[in-house]
Amino acid sequence: MSNPYRTKKCHELRASDAGKTERLAGWIHNKRDLGGVLFIDLRDHYGITQIVIPPTAAFQNEVGHLPKETVISVQGQVRPRPEGTVNPNLATGEVELDVTGYERLGSCEPLPMNVFPEDLTPEETRLKYRFLDLRRSKLHQTVMLRAQVISSIRQRMIELGFQEFQTPILTSSSPEGARDFLVPSRLYPGEFYALPQAPQQFKQLLMVSGFDRYFQIAPCFRDEDGRADRTPGEFYQLDVEMSFVTQDDVFAAMEILFIPLFQEFKAEWPINANADGSFQRLAYKESLLKYGTDKPDLRIPIEIKDLTPLFAKSEFKAFAGKTVRAMAVPQAFDQPRSWFDNLQEEAKKLGAPGLAYVKVEPNSGTGVYDSGESKPVYGATLTGPIAKFIKGDAMIEVIRMAGMKLDTVATEPHKFLPTVIFFSADTNETKAAKVLGAMRVKIAEQLKLIEKNVFKFTWIVDYPMYEYNEETKAVEFSHNPFSMPQGGLDALEKQDPLTLFAYQYDLVCNGYEIASGAIRNHVPEIMYKAFGIAGYDKSVVDNKFPGMINAFRYGAPPHGGIAPGIDRIVMLLADETNIRDVIAFPMAQNGRDLLMNAPSPASEKQLREVHLTIRKPVPKV
RNA sequence: GGAGCCAUAGCUCAAUUGGUUAGAGCGCCUCCCUGUCACGGAGGAGGUUGCGGGUUCGAGCCCCGUUGGCUCCGCCA
């Protein structure tokens, strides 16, 4: 039995194979024509082997003119390379194939981008010619990493006692959350399937069905716009659900999945796990205060402080009576004025009035003591546009933030570094927090303050169950409406809804939300009550979630779960900052597939079959 | 829905304040070269400066529009 294309792969040949006649197949990776002898690096998925076309070969000129990326099959004799010409960078570097015959299997037209060397190429070209980009070592390896990560996750989940199930792709529209992708029904004119935003209800139904522990590497579809860490349209989740569990059980299950998984693929990167193998926990409210976001990047050594009370009666109108947050950044002290101006602009783009700052540095001078004796005294100097407004307790707190100890008599120089304190102030507490949170990240990026080669995980817990919508003047679910409120029915009935927490949690790593989950509300009575507070009566629940609410009437176990994002996990493990670089065939940010040319118009026949006519948007005048 | 940035040879980039014939490296083509491995050397082809309009004696450069890509806000339970 012989394969017509190859007897060996391009990573296999060794010195011990010398003398054997073998056949290799692959792409012309690179050519070196020395006039007499012609070298070709032949590449396949597995590796590279140098093949030699000797001057005596009648086809040398012909092969020499095949362009790079032509697919050929060659046969010849394996031989050790002459002394001094071994290439230690190649697994097959001790040998070469002395070619006696070749066949062209696939010719190649002029390339729109180089496969080798891998020089910079516009992403548009890389997306359009994705098959070429995927040949390049970098992306090829990332996609392989992804395959291995998924394989490892699957294996680990099975070992942890989870069962893998498939759930429908053609399902019904879910009323909450993102925009759905709709699929018109041929059999039922005017009716539509929706692609699942997540298998949420199905996995809960599996728990009601008694399967105890479910997982799935599930495609999820949401018709929302893209970001650097978010693909438009579709993505993959490790969807997980467990019965008879508390929040702690879900956390423990994920911790024993993630820590070994991350160690498997990034052994040299430390993980900030506790000694008992758990991840730290941070309440949502505290995260918003200290980091200005619910997905804090803990690699950044900057924390935000609340100074609201200190400016309550300030004469500085920009701060007085508002939420005031501040953070100290010593590394910013020597930045030029233009740098600060630029930050101001960035803050304004986020809707802030500006970004106030004050510079604090140690100083020294001479003071006259009670005894009449002149002695050196030490303190701090505040400079900058708003320095004159920082007085009294606010000043004390600001220089304390700079690192100055104020509880001793300053008889010797203070040792703190010159520092910049940045402020954000807004009547809206969340906005004040988020603006400074965004600036925290931006400053850290610019000043390179983000710790490298490390994974910093944290759970974010105690999300509010409800929030008040200023525009609609109504109480709304702040996250998943299926989450169990902490305190259950009792809390729903007795507490102010806006003070309620949900058993809702996220897992964050290096500033990315990599998982989100909840302990579910499996009790119909509590479900109706929870929806009632958000303004939906019983019939809404019955109509929108008939399958699930009905199931809960027939013996539902307490259950909960979580859904880590596969793409983002691979992104972290591949050390990439663009999610498209960990996906074989990604769409562009605008939701177009430049390779397959999707979306594209449907034919009249196709439209007729699904009973649709196209209603184009009215062009803007 | 909104904001910003980018678009010059197949690819990566340059082109002084708006001023002569838009340059270089890689790739491609021709030739030389028998031990290279990002081989080396000589020569050559390749451009409606994304597209449309405007300002100007003169536009790759300035202005308006448009297309495409990226980043961000909104959105993403």
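A note on names: the letters A, B, ... follow the listed sequences, proteins ahead of strands, and every chain is numbered from 1.
Open room surrounds CZ on A:R104; 12 or fewer heavy atoms of other groups in view lie less than 6.0 Å from it. The local environment of NZ in A:K8 is crowded, with over 12 non-hydrogen atoms from other residues, nucleotides or ligands closer than 6.0 Å. The number of heavy-atom neighbours closer than 6.0 Å to NZ of A:K31, taken from other residues, nucleotides and ligands shown, is above 12. In this structure, A:K68 places its NZ atom where more than 12 heavy-atom neighbours from other residues, nucleotides or ligands lie under 6.0 Å away. Heavy atoms of other residues, nucleotides or ligands lying less than 6.0 angstrom from CZ of A:F116 number more than 12. By the 6.0 Å contact criterion, OH on A:Y102 is enclosed, its count of non-hydrogen atoms from other residues, nucleotides or ligands being greater than 12.
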Please list, pair by pair, any protein nitrogen or oxygen found under 3.5 Å from a nitrogen or oxygen in nucleotides 22-27 of chain B.
none

Provide a list of protein-nucleic acid N or O atom pairs under 3.5 angstrom, restricted to nucleotides 43-46 of chain B.
none

Identify the pairs formed between an N or O of the protein and an N or O of nucleotides 3-9 of chain B at a distance under 3.5 Å, and give each distance.
none

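In this structure, A:D225 and A:L127 both approach RNA chain B, and ranking their closest nucleotides by distance from the 5' end singles out A:L127.
With hydrogens and angles ignored, a donor-acceptor pair under 3.5 angstrom links the side chain of A:R81 to the base of B:U36. A:R79 contributes a side-chain N or O that forms a donor-acceptor pair with the base of B:G35 under 3.5 Å. Put simply, the side chain of A:N87 and the base of B:C37 share a donor and an acceptor less than 3.5 Å apart.
Here the rule is side-chain contact (heavy atoms from CB on, under 4.5 Å) with A:I40, and of A:L66, A:T49, A:V63 only A:V63 fits it.
Heavy atoms of A:Q589 sit under 4.0 angstrom from at least one base atom. Within 4.0 Å (heavy atoms only), A:P110 reaches no atom of the nucleic acid at all. Counting any heavy atom pair closer than 4.0 Å across all strands shown, A:N89 reaches no nucleic acid atom. Here A:L120 lies in heavy-atom contact (under 4.0 Å) with sugar-phosphate atoms only. Residue contacts for A:E118: at a heavy-atom cut-off of 4.0 Å it reaches no nucleic acid atom on any strand shown. Contacts of A:L594 with the nucleic acid, taken as non-hydrogen atoms under 4.0 Å apart, involve only primed sugar atoms and P, OP1 or OP2. In this structure, A:E123 reaches the sugar-phosphate backbone alone: every heavy-atom distance under 4.0 Å involves primed, P, OP1 or OP2 atoms, never a base. Across all strands shown, A:D223 has no heavy atoms under 4.0 Å from either base or sugar-phosphate atoms. Among the atoms of the strands shown, none is found under 4.0 Å from any heavy atom of A:R568. Across all strands shown, A:H65 has heavy atoms under 4.0 Å from sugar-phosphate atoms exclusively, and none from any base.
Remark: B:G68 base-pairs with B:C6; criterion is Watson-Crick or G-U wobble with both hydrogen-bond distances under 3.5 Å.
Here the P atom of nucleotide B:U12 and the CZ atom of A:R126 are 11 Å apart, to the nearest Å. Protein atom CG of A:L66 is 12 Å distant from nucleotide atom P of B:C28, rounded to whole Å. Atom pair A:N590:CG and B:U66:C1' shows a separation of 16 Å (rounding to whole Å applied). Atom P of nucleotide B:G74 and atom NZ of A:K431 are separated by 11 Å, given to the nearest angstrom.
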Passes side chain to side chain contact (heavy atoms under 4.5 Å, CB included), A:K128 versus A:M113? Steps please.
CA-CA 10 Å; A:K128 188 169 176 184; A:M113 60 185 277; over 6 Å; no

Please test A:Q486 against A:D462 for side-chain hydrogen bond (donor to acceptor under 3.5 Å, both in side chains), starting from the C-alpha separation and ending with a verdict.
CA-CA 9 Å; A:Q486 293 185 22; A:D462 298 337; 2.9 Å; yes

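A:Y46 carries A:K9 over the face of its six-membered ring, with the cationic atom under 6.0 Å from the centre and within 45° of the normal.
Between A:R227 and B:C73 there is a side-chain polar atom (N or O) within less than 4.0 angstrom of OP1 or OP2.
Between A:F477 and A:Y466, the two ring planes are parallel [angle under 30°; tilted spans 30° to 60°].
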